[in-house]
> 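After the structure tokens below, expect a handful of questions from me.
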Amino acid sequence: MLPKLPRDNLLELCRRMFVIRHFEESLVPLHDKGVFGGHYHLYIGQEATGVPAISCLRSDDYLFTTHRNHGHLLARGAEPKRLLAEILGRADGLNKGKGGSFHSVAPTLGFLHSSGVVAGIIPLSTGTAYASKALKNGRLTVCLFGDGSLEEGAAPEAFNLASLNKLPVLFLCENNGKYGAGRAVAAGQSSSMAAYPLTDLPKAYKIPAQLIDGIDAGLVHATVSEAVEKIRRGEGPQFIEAQTVRWPGSETNWPSVPHPTDSSLAWDVSGVQEKAREWYRSCDPLLVFARELVEANQATKDDLASMERQVKTEIAAAVEFAVASPYPKPEEAERNFFA
Amino acid sequence: MLPKLPRDNLLELCRRMFVIRHFEESLVPLHDKGVFGGHYHLYIGQEATGVPAISCLRSDDYLFTTHRNHGHLLARGAEPKRLLAEILGRADGLNKGKGGSFHSVAPTLGFLHSSGVVAGIIPLSTGTAYASKALKNGRLTVCLFGDGSLEEGAAPEAFNLASLNKLPVLFLCENNGKYGAGRAVAAGQSSSMAAYPLTDLPKAYKIPAQLIDGIDAGLVHATVSEAVEKIRRGEGPQFIEAQTVRWPGSETNWPSVPHPTDSSLAWDVSGVQEKAREWYRSCDPLLVFARELVEANQATKDDLASMERQVKTEIAAAVEFAVASPYPKPEEAERNFFA
Amino acid sequence: MRELAYYEAKFEALDEIMAADQRVHLINGTFLSLSPHRHVFQNLAKKYGDRMMSPPISELGFCGLATGAAMAGLRPIVDLSTGSFIYEAWPQVANEAANAYSMSGGQTRVPVVFHLFHGLRGGGAAQHSGSPQAMLWNCPGLEIAIPSSPRDVKGLLKTAVASDNPTIFVDHVRLLDLRGEVPENDKPIPFGVADIKRAGSDVTLIATSHTVQVCLKAAEKLAKEGIEVEVVDPRTLVPFDLATILSSVEKTRRVVIADETHQSCGVAAEIAARIAETGFDKLKTRIRRVSTLDVPVPYSPPLEAHIGPSESRIIDAVRASVA
Amino acid sequence: MRELAYYEAKFEALDEIMAADQRVHLINGTFLSLSPHRHVFQNLAKKYGDRMMSPPISELGFCGLATGAAMAGLRPIVDLSTGSFIYEAWPQVANEAANAYSMSGGQTRVPVVFHLFHGLRGGGAAQHSGSPQAMLWNCPGLEIAIPSSPRDVKGLLKTAVASDNPTIFVDHVRLLDLRGEVPENDKPIPFGVADIKRAGSDVTLIATSHTVQVCLKAAEKLAKEGIEVEVVDPRTLVPFDLATILSSVEKTRRVVIADETHQSCGVAAEIAARIAETGFDKLKTRIRRVSTLDVPVPYSPPLEAHIGPSESRIIDAVRASVA
Ligand SMILES: Cc1ncc(C[n+]2csc(CCOP(=O)(O)OP(=O)(O)O)c2C)c(N)n1
Ligand SMILES: Cc1ncc(C[n+]2csc(CCOP(=O)(O)OP(=O)(O)O)c2C)c(N)n1
Ligand SMILES: [Mg+2]
Ligand SMILES: [Mg+2]
């Protein structure tokens with residue numbers, strides 16, 4: 001379903017989803033050609049969680065994210081070219097090339113820290129929330145993490161701290177393992193987490209928790225809005241699990257694009273290789289959103305095609321910018337590690 | 001209520017409770033006189049949990065315990081004099097003086113390791129259980145820990161591992177904070193644990209969990225027996241929380257004895273200082289057990305008095321032995337730290 | 001000049017810090033350990049209770065909380081109590097707090113202080129006698145302060161809280177009752193400035209924390225044999241004041257390093273390595289380390305005493321150095 | 001003699017170990033990291049699936065599980081994958097596994113192996129480039145093996161599993177494709193025996209892990225300048241073979257130490273300190289360390305390359321040593 005928002009906002013949500021998708025797809029050939037090295041993780045398939053969720057926040061709220069952070073930063077409005085330059089380790093990167101894909105941050109957007117350690121951010125998120133409460137500045141913290149994070153003891157410790165102190169923090173767990181593609185098993189259980197459904201864990205700590213479909217932008221928007229309101233009213237932490245189906249391009253350790261995205265796929269996936277077709281047909285949140293926009297007469301197919309063209313142009317420019325950006329001077333490594 | 005056991009067994013349980021009580025009380029003056037230093041923790045008030053629980057085990061089962069381990073070791077039959085020598089850091093100690101109060105172990109009794117780190121043993125206990133399962137030797141593991149352990153992330157991580165792998169381990173949580181004397185708060189909540197009742201946490205991991213009165217030796221015996229049977233049948237981990245009321249002598253960081261125990265207190269506490277009287281009247285598990293034995297005609301007051309005299313003599317001899325035991329040679333410090 | 005006990009100086013520092021800066025919060029509260037003086041800490045709770053938090057036994061969680069709070073503008077001092085309990089929080093301290101500023105390209109500041117009591121305390125055995133400062137010195141991104149006197153604990157604590165970097169504050173229970181001069185309105189002590197605790201011309205004896213006090217006693221005894229020892233206390237490991245040490249070595253040409261961390265990759269190892277690298281030509285004889293022996297700390301008192309940097313081991317090392 | 005790739009030798013070791021001893025279990029399974037060869041690991045799963053466990057993302061939990069299982073008679077090899085993930089398990093490794101034998105007065109044996117990939121791997125940034133072996137060397141009670149060649153990885157892994165002590169097995173992804181001689185039916189390599197990877201008379205160059213390979217290349221270049229470098233690989237840090245190093249120093253009278261741990265309290269610090277203590281009189285010039293610079297590892301490739309013990313930094317240090 002579509003979020004209950006004016007048309008302009010809906011189109012902007014759609015545009016951000018396109019930005020994320022084409023940004024992420026552009027990384028794969030850059031990595032395969034060796035333009036950057038190291039491990040990296042794409043947000044494809046989770047756009048309808050991050051984009052509407054983050055749109056519910058105030059500009060001064062805090063966000064924490066993980067190894068799978070690109071989509072969150074872009075959803076919040078980070079410049080693709082500077083994020084890309086960071087991933088390529090260049091001087092114009094968001095963090096001057098010191099962080100890379102795992103650690104891209106943008107403090108002006110509320111992203112203070114992004115950790116590649118599973119669950120590393122969950123305790124940290126109770127800290128910004130604690131500070132906001134102490135300083136009475138009304139700033140909320142959203143902690144975005146994967147389902148695997150709940151397996152680390154850091155998560156329950158942080159839930160306990162958040163619950164006891166009624167901290168203003170939203171735990172938004174993106175479970176990209178629906179249908180067992182990831183760590184979860186189809187039959188309502190998981191091979192790696194006995195506390196399943198995952199919402200059982202925060203509930204044990206008396207944190208209100210709900211499970212929603214993360215492909216449903218409208219549901220994500222409504223659920224997050226409501227949770228954010230409760231937190232702002234002082235009701236303490238909230239937990240949302242948003243389930244998505246793992247993008248077939250990330251089933252291996254090194255991503256590959258089964259089929260380049262184009263909005264026309266929303267109406268015809270016959271060109272997609274068999275193995276990946278079902279995902280693009282029914283699980284791709286971007287294509288679902290595009291269809292819903294057209295069906296609700298909020299946009300025509302042409303509107304979307306032209307929006308997508310613009311985005312592709314922007315991403316192409318970002319790639320050009322990032323590839324042209326110089327590496328930092330080697331000696332920069334010895335500087336700026338203490339404030 | 002009394003455990004459903006023959007008279008001899010009941011009397012032996014009673015004797016072990018006396019051993020624990022008088023052993024522990026004997027430590028306080030030794031510490032105050034400087035015969036040993038360092039922090040130490042007494043098991044007084046929890047005898048009706050450890051003694052009947054441990055009596056349900058086979059001789060080859062494994063046990064893990066914490067900083068509050070004296071009672072567990074004595075309940076299992078460790079020699080008081082060697083435990084005491086260990087606490088005094090002497091050569092005849094259970095661990096040759098290398099462990100001390102926090103780390104007394106007795107591998108021949110199944111105690112492989114005792115950790116002074118809160119929750120340190122909980123992951124370890126899944127390991128002996130994993131080994132027993134792999135080796136198909138039917139040995140069960142009992143992990144004895146305090147309520148505070150559940151606040152550490154190590155506990156939920158271990159619960160997850162135990163549950164997913166259906167490991168033969170009994171988690172026996174001794175909550176000595178009933179009525180808010182410790183960390184728990186009277187009104188069914190805790191100032192340090194949002195997951196309260198504590199059984200909510202293991203339950204989230206699908207570990208069957210029950211809360212019982214830890215002063216009720218019969219209930220402890222019945223509940224542990226049943227849990228042990230289930231585990232031996234291959235049903236996987238079980239969790240029991242046994243609640244006791246904190247002994248007034250341990251409300252400060254350094255224990256002191258409000259009133260020396262004597263079985264006659266079971267029928268007359270008027271000599272006990274006001275502040276501590278209620279505890280001795282209704283919360284002291286040893287005195288409860290003594291009363292029940294007499295009421296059920298399993299023993300006379302005189303039987304108990306003579307049993308207690310014997311125990312006191314044994315403890316006095318243990319003190320003598322331990323104080324006379326030499327310190328290890330200083331150079332022993334440089335030996336035996338690698339196998 | 002005014003004399004205070006170490007615990008009083010530390011308490012005064014906390015009190016003045018809390019009064020001066022509303023952003024300072026205390027997470028956990030065993031800043032005076034289990035010492036008989038811990039009750040004075042209750043006075044802080046009366047004045048600043050709304051900025052003090054008593055967390056669950058979740059070191060990983062509450063160190064993360066403090067670190068996150070620092071990122072958002074507070075200045076938390078988080079107490080780990082016994083040194084080895086910081087192991088529970090290792091992922092937050094060594095992988096998050098230490099790296100955040102650098103990984104963000106110099107954008108995210110983390111002004112948090114991690115306070116702990118290290119070392120041999122009498123009966124702490126293997127798990128309660130840890131000295132994690134050597135491991136933490138191997139983790140770039142952390143500042144490390146380690147006082148040895150009433151005046152230093154006050155002055156260094158103020159600087160630790162004022163620092164924009166994550167700082168490890170390494171204390172020792174055996175110092176709490178030590179008395180010493182603490183001027184009223186004393187200035188904060190800058191990081192990276194070693195202190196010559198005793199001047200001498202024959203041997204440079206470098207030490208930290210409680211071992212400084214052991215060295216001072218050893219120096220008195222050695223003076224009676226005619227050996228004049230210069231006791232140098234770096235006071236902070238990060239930043240480290242190598243210059244002061246080298247100029248002492250220039251004078252004495254002999255080095256003994258005494259420290260309570262375990263020997264291998266310990267604090268004395270790093271100081272020895274730096275001198276072997278940069279002061280080699282000044283040395284007349286080999287460097288000597290008096291560290292805690294490389295064994296898990298045994299419980300039994302004579303065994304514990306045997307492995308630590310005792311006065312007698314220090315005296316032997318100094319004598320050997322001048323022999 | 002037979003040549004194998006490092007990953008093949010490591011796989012062969014695991015296979016032979018699992019076949020020979022039913023008590024060996026594998027906990028977690030990234031022994032070949034994300035290398036393109038990781039599929040060969042699947043062959044183990046086919047043969048020994050019932051002795052392999054794929055745990056949740058709970059390093060603290062599953063390292064504790066492995067430690068407990070070792071106490072009860074299994075010989076688990078537990079894989080931590082990236083070096084810094086062992087931080088998550090620090091309390092179990094440093095406070096339980098390392099201390100259990102000593103605290104029990106020599107009764108409880110803990111034959112567990114903790115396997116991890118340390119070091120600069122290209123793009124690992126601050127959190128995925130850790131080299132925790134220096135911190136762990138500061139924790140008595142752990143043995144530490146650190147291979148640098150196909151033959152060593154096989155021989156040391158066998159000894160690690162046979163050891164009755166908790167052992168850290170420190171590997172490096174940049175070694176996986178290295179080819180080298182591995183005799184069929186090779187014997188396990190005893191711990192505490194350093195290996196002279198290249199003989200030379202001018203400078204003793206001590207290195208570990210992948211840095212040994214960097215040193216061997218540097219040595220070839222230096223030989224062309226007429227500088228003959230002796231490359232010594234300790235192969236295990238605990239126990240440590242100081243004697244072999246000292247006899248090399250006796251010959252060359254010059255020492256350079258190259259290693260990927262951060263400099264302060266790093267592996268090179270300890271080796272430097274031991275030589276400064278026990279080999280001082282043999283030295284003609286100051287000791288030189290080439291360690292990873294003391295900054296959180298930056299992501300950008302030229303920055304990462306700048307801080308590591310690179311061939312050029314090693315060559316410079318050796319040249320300076322003979323100058
Ligand atoms: C402490 C730690 N252990 C292991 C890893 C390796 N690792 C990286 S991503 C990942 C899976 C995380 O799963 P999830 O949280 O569901 O996130 P997803 O990748 O599915 O978005 C693992 C195990 C890590 N980064 N940190
Ligand atoms: C990791 C860790 N943190 C803190 C401590 C200090 N400590 C010792 S006992 C204790 C309280 C434990 O409470 P509980 O588990 O309920 O056991 P009890 O003493 O009540 O039997 C604490 C916090 C510790 N030993 N280990
Ligand atoms: Mg996932
Ligand atoms: Mg308790």
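Proteins get letters first, then strands, A, B, ... in listed order; numbering begins at 1 in each.
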> Highest number of heavy-atom pairs under 4.5 Å with chain C: which of A/S115, A/A158, A/S114, A/A129?
A/S115

> State, to 0.1 Å, how close C/L60 and A/P123 come at their nearest heavy-atom pair, and which atoms those are.
O-CB, 4.1 Å

> Side chain, backbone, both or neither: which part of A/S104 has a non-hydrogen atom closer than 4.5 Å to chain C?
neither

> Which bit of A/N137 comes within less than 4.5 Å of chain C, counting heavy atoms only: side chain, backbone, both or neither?
neither

> What heavy-atom pair brings C/A72 and A/T128 nearest, and what distance separates the two atoms?
CB-CG2, 3.8 Å

> Counting only non-hydrogen atoms closer than 4.5 Å, does C/E143 touch chain A with its backbone (N, CA, C, O), its side chain (CB onward), both, or neither?
both

> If you count heavy-atom pairs under 4.5 Å between each of C/D164, C/L142, C/V238 and chain A, which one has the most?
C/L142

> Between NZ of A/K133 and CG of C/L74, what distance do you get to the nearest 0.5 Å?
13.5 Å

> Just to be sure I understand the criterion: a residue of residues 332-339 of chain A counts if one of its heavy atoms is under 4.5 Å from a heavy atom of chain C. Which ones qualify?
A/N336, A/F337, A/F338, A/A339

> Kindly compute the distance separating OG1 (C/T67) from CD1 (A/I121), expressed to the nearest 0.5 Å.
14.0 Å

> Is there a side chain to side chain contact (heavy atoms under 4.5 Å, CB included) between C/F62 and A/T126? Walk through the geometry before answering.
CA-CA 9 Å; C/F62 68 71; A/T126 67; over 6 Å; no

> Using every non-hydrogen atom in the two residues, find where A/A134 and C/H25 come nearest and quote the distance to one decimal.
CB-CE1, 3.5 Å

> Are any of the side-chain heavy atoms of A/Y62 and C/M71 separated by less than 4.5 Å?
no

> Might you point out which heavy atoms bring A/G120 and C/Q92 nearest each other, and give the distance in Å?
O-NE2, 2.8 Å

> Going through the checks in order, is the side chain to side chain contact (heavy atoms under 4.5 Å, CB included) test met by A/L124 and C/L65?
CA-CA 5 Å; A/L124 294 171; C/L65 182 146; over 6 Å; no

> Considering only heavy atoms, give the residues of residues 105-114 of chain C separated from chain A by less than 4.5 Å, sorted numerically, with 'none' for an empty result.
C/G105, C/Q107, C/T108, C/R109

> Within residues 94-104 of chain C, which residues come under 4.5 Å of chain A, heavy atom to heavy atom?
C/N95, C/E96, C/A100, C/Y101, C/S102, C/M103, C/S104

> Sub-4.5 Å heavy-atom contacts with chain C: which residues of residues 64-84 of chain A show up?
A/F64

> Could you look at A/I122 and say if it's the side chain, the backbone, both or neither that has a heavy atom under 4.5 Å from chain C?
neither

> Looking at chain C, which one of A/L94, A/L112, A/L164 has the largest number of heavy-atom pairs inside 4.5 Å, strictly under?
A/L112

